[in-house]
Amino acid sequence: MNKAEIDNQYNAWLNDVDMSAELKHDLRNMQDDEDTKADAFGTSLSFGTAGMRGLLGAGTNRMNIYTVRQATEGLAKLMETLDQSKRDRGVAISFDSRYNSKLFAHEAARVLGAHNIKTFVFDDIRPTPELSFAVRNLHTYAGIMITASHNPKQYNGYKIYGADGGQMPPKESDIMTTYVRKVTDLFNIQVAEEKDLRKANLMNIIGENVDLAYLAEAKSVNINHDLIAEVGKNLKFIYTPLHGTGKVIARRALSDAGFKNYDVVVEQTIADPEFPTTPFPNPEFPQTFDLAIKLGKQENADVLIATDPDADRLGAAVRQPDGEYTLMTGNQIASVLLHYILEAKKTSNTLPADGRVVKSIVSTELATDIANDYGVEMKNVLTGFKFIAEQIKQYEENHDHTFLFGFEESFGYLIKSFVRDKDAVQSTMLLAEVAAYYKQQGMTLYDGLQALYKKYGYFEEKTIAEEFDGLDGKQKIVDIMKGFRDHPMTSFNGVKVVALEDFQTSVKTDADGNETKIDLPQSNVLKYWLADGTWLAIRPSGTEPKIKFYVGVKAATQTAANELLDSYVNAIDNELLNK
């Protein structure tokens with residue numbers, strides 16, 4: 001889009017009589033800032049299989065009531081093509097603690113109501129996994145979650161869920177995207193008045209009724225209730241919801257499970273969209289745990305647990321003998337959870353012969369070795385929890401596998417399938433139990449991880465995200481991926497590439513040129529397997545202007561694994577990013 005077109009868009013927004021004071025203020029601030037204006041109006045906010053996410057503010061490339069209405073109008077148009085029985089099931093809507101989240105949720109309900117589509121809107125903030133549960137529990141056709149997950153305070157987002165409670169699968173999402181893109185006049189999308197929708201029972205407020213149903217299912221997450229009764233009451237841990245939705249239901253779930261001896265980071269139980277205690281409310285960042293560590297040292301806590309603002313991701317830190325805390329990675333947390341589940345089921349003779357674990361293609365291979373050791377099959381899927389949800393749905397429909405656990409390296413885990421997205425509430429409950437399990441043996445979670453390394457080998461992984469802002473950034477990412485495909489690597493870090501998986505062409509090619517088909521949906525991802533057992537994956541982020549490099553190594557000792565990982569991280573910087 002050229003400057004004249006951008007200026008025309010900008011002026012149309014500036015002259016709209018119904019524009020809110022907040023958006024008018026934003027527009028005036030960018031009046032003489034051509035770069036910001038171009039970024040806000042030079043393109044439209046991307047809507048894809050993960051929904052949309054972006055900076056709050058005025059513009060077609062920002063999160064505001066107009067882009068939210070546009071996305072919802074696309075959903076409404078899709079639902080109008082359905083038979084009446086599906087359409088009548090309506091849409092569940094939830095929201096987190098961010099700026100304008102409740103406003104956006106209600107705007108979505110107003111758009112759907114204008115199409116005579118029923119909505120079920122939570123009375124206050126709720127976790128993303130509870131929205132997934134609500135879709136299933138209320139038997140709605142779709143769900144909308146207003147959240148930017150773990151992004152900084154300047155962001156918000158819009159996630160769309162399908163009838164099974166998983167994020168809308170690619171087929172339906174692509175159709176919806178087509179409808180969204182056809183909505184070009186953002187100022188003339190019809191919205192109904194809330195009072196009229198309430199009177200007509202088209203907008204329904206939900207809350208405690210769904211909470212109770214979710215909590216009833218959550219009681220099935222913990223495995224050894226005797227262990228919790230005996231040891232869990234003495235386990236000392238700290239929980240923080242990071243100013244988000246975990247405060248609503250995670251503490252109730254922990255109490256129901258029998259965990260009483262824990263403290264919360266009081267300052268972070270306030271649902272504050274400023275996230276005043278942590279600029280990046282992401283449990284994979286060490287700084288996020290600063291207050292939890294301070295409280296943990298005061299209380300001599302064994303474990304610190306943090307859930308992100310929409311409570312779908314969980315991070316943890318474990319106290320060491322010197323009183324300091326060591327953060328665990330998402331892969332490490334997933335590995336100890338998986339091992340505990342499989343060992344508990346084996347011990348109780350409840351490990352099914354058709355059991356399956358599902359993980360993303362960029363997650364640790366330690367989990368694969370653990371699963372194989374218990375005779376359980378590992379299924380790899382594309383990045384995005386919707387692909388794990390699709391597998392669960394297939395298993396239930398075909399009756400050929402039993403779902404045991406699903407995870408992604410990005411701190412997302414699912415234990416029980418009454419939710420079809422990553423669930424930090426479930427994960428908090430089970431991780432506390434696993435901590436109690438090791439405490440009973442005079443060990444910590446970290447000790448348990450070291451025992452797994454000693455048995456299966458020392459696995460280390462790292463994700464490197466390179467950000468490219470602005471309109472030129474998107475093209476830069478496209479060019480980078482094209483470069484890798486036009487000039488395939490035959491070696492990396494001095495090590496031979498033995499196989500390349502291109503998930504965009506669905507072809508795996510070995511070093512001799514032999515090709516095999518990859519039985520997964522197409523995706524813009526490359527994964528290299530190297531002669532020393534290392535793997536390297538490259539993919540653009542689906543929600544942020546970033547390209548991500550994932551690397552995983554395995555060695556006989558921790559020192560060797562650390563050194564090997566460092567060498568590959570340096571090679572990514574020197575050979576790939578700076579070439």
Side-chain angles (χ1 to χ4, degrees), residues 47 49 51 65 68-95 102 104-124 126 128-146 158-180 182-183 188-214 216-217 386 389-390 392-393 396-397 417-421:
F47 191 93
T49 55
I65 64 168
V68 166
R69 287 175 180 178
Q70 179 188 31
T72 311
E73 182 73 5
L75 174 60
K77 293 292 188 184
L78 168 62
M79 292 183 68
E80 286 183 337
T81 68
L82 306 173
D83 62 64
Q84 194 65 39
S85 62
K86 287 184 178 179
R87 184 178 165 187
D88 287 346
R89 287 160 57 181
V91 178
I93 304 175
S94 185
F95 54 94
K102 184 172 184 177
F104 294 163
H106 283 243
E107 286 297 314
R110 293 178 67 199
V111 171
L112 292 167
H115 289 266
N116 290 312
I117 295 173
K118 187 180 295 187
T119 58
F120 301 87
V121 184
F122 274 97
D123 60 347
D124 206 342
R126 291 298 193 285
T128 289
E130 190 173 357
L131 182 277
S132 171
F133 172 77
V135 170
R136 297 174 57 78
N137 181 252
L138 300 174
H139 198 54
T140 62
Y141 172 76
I144 296 169
M145 181 71 198
I146 305 297
Y158 182 111
K159 294 172 73 172
I160 185 74
Y161 287 77
D164 72 329
Q167 288 188 48
M168 189 170 280
K171 181 180 178 181
E172 289 84 353
S173 180
D174 288 346
I175 295 171
M176 180 177 163
T177 300
T178 300
Y179 284 115
V180 171
K182 288 180 179 179
V183 182
N188 283 315
I189 298 169
Q190 296 299 307
V191 293
E193 292 297 325
E194 280 194 33
K195 63 179 183 297
D196 296 332
L197 295 177
R198 296 299 308 280
K199 186 177 180 180
N201 292 321
L202 282 171
M203 181 178 178
N204 303 274
I205 304 301
I206 57 175
E208 183 68 6
N209 54 330
V210 181
D211 294 344
L212 292 173
Y214 176 93
E217 292 284 358
K386 58 182 171 290
E390 282 184 344
I392 298 171
K393 184 179 180 182
E396 290 185 351
E397 291 176 347
S417 61
F418 60 86
V419 167
R420 295 298 168 87
D421 204 349

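When reading the values below, keep in mind they use all heavy atoms of this one structure, side chains included, and skip hydrogens, waters and symmetry mates.
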Mind listing the closest non-hydrogen atom pair of [X] and [Y] along with its distance?
{"X": "F418", "Y": "F133", "result": "O-CD1, 3.6 Å"}
{"X": "G74", "Y": "Y179", "result": "O-CB, 3.6 Å"}
{"X": "N137", "Y": "A213", "result": "ND2-CB, 3.8 Å"}
{"X": "S417", "Y": "I392", "result": "CB-CG2, 3.7 Å"}
{"X": "V210", "Y": "A134", "result": "CG1-CB, 4.0 Å"}
{"X": "Y161", "Y": "S132", "result": "CE2-CB, 4.4 Å"}

Q) If you round to the nearest 0.5 Å, how far is CG of L75 from CD1 of I175? A) 12.0 Å
**Q.** Interatomic distance, E73 atom CD to Q190 atom CD [nearest 0.5 angstrom]
**A.** 8.5 Å
Which of these passes side chain to side chain contact (heavy atoms under 4.5 Å, CB included) with [X]: [options]?
{"X": "I160", "options": "M176, Q167, E172", "value": "M176"}
{"X": "I206", "options": "V121, L138, D123", "value": "L138"}
{"X": "V91", "options": "T72, T140, I144", "value": "I144"}

Q. Has the side chain of T178 got a donor or acceptor atom that lies under 3.5 Å from a matching backbone atom of D174?
A. yes
Q.
Using modelled atom types and a 3.5 Å cut-off, is there a donor and acceptor pairing between side-chain atoms of R87 and backbone atoms of M79?
A. no
Q.
So, using salt bridge (charged side-chain N to carboxylate O under 4.0 Å, His left out) as the criterion, who are the partners of E397 when residues are at least two apart?
A. none
Q. Among pairs that include at least one residue of residues 110-119, which meet salt bridge (Lys or Arg N to Asp or Glu O under 4.0 Å), considering only residues two or more places apart or in two chains?
A. E107-R110, R110-E193
**Q.** Sub-4.5 Å side-chain heavy-atom contact between Y141 and I117
**A.** no
Q. Does E396 CD have over 12 foreign heavy atoms under 6.0 Å away?
A. yes
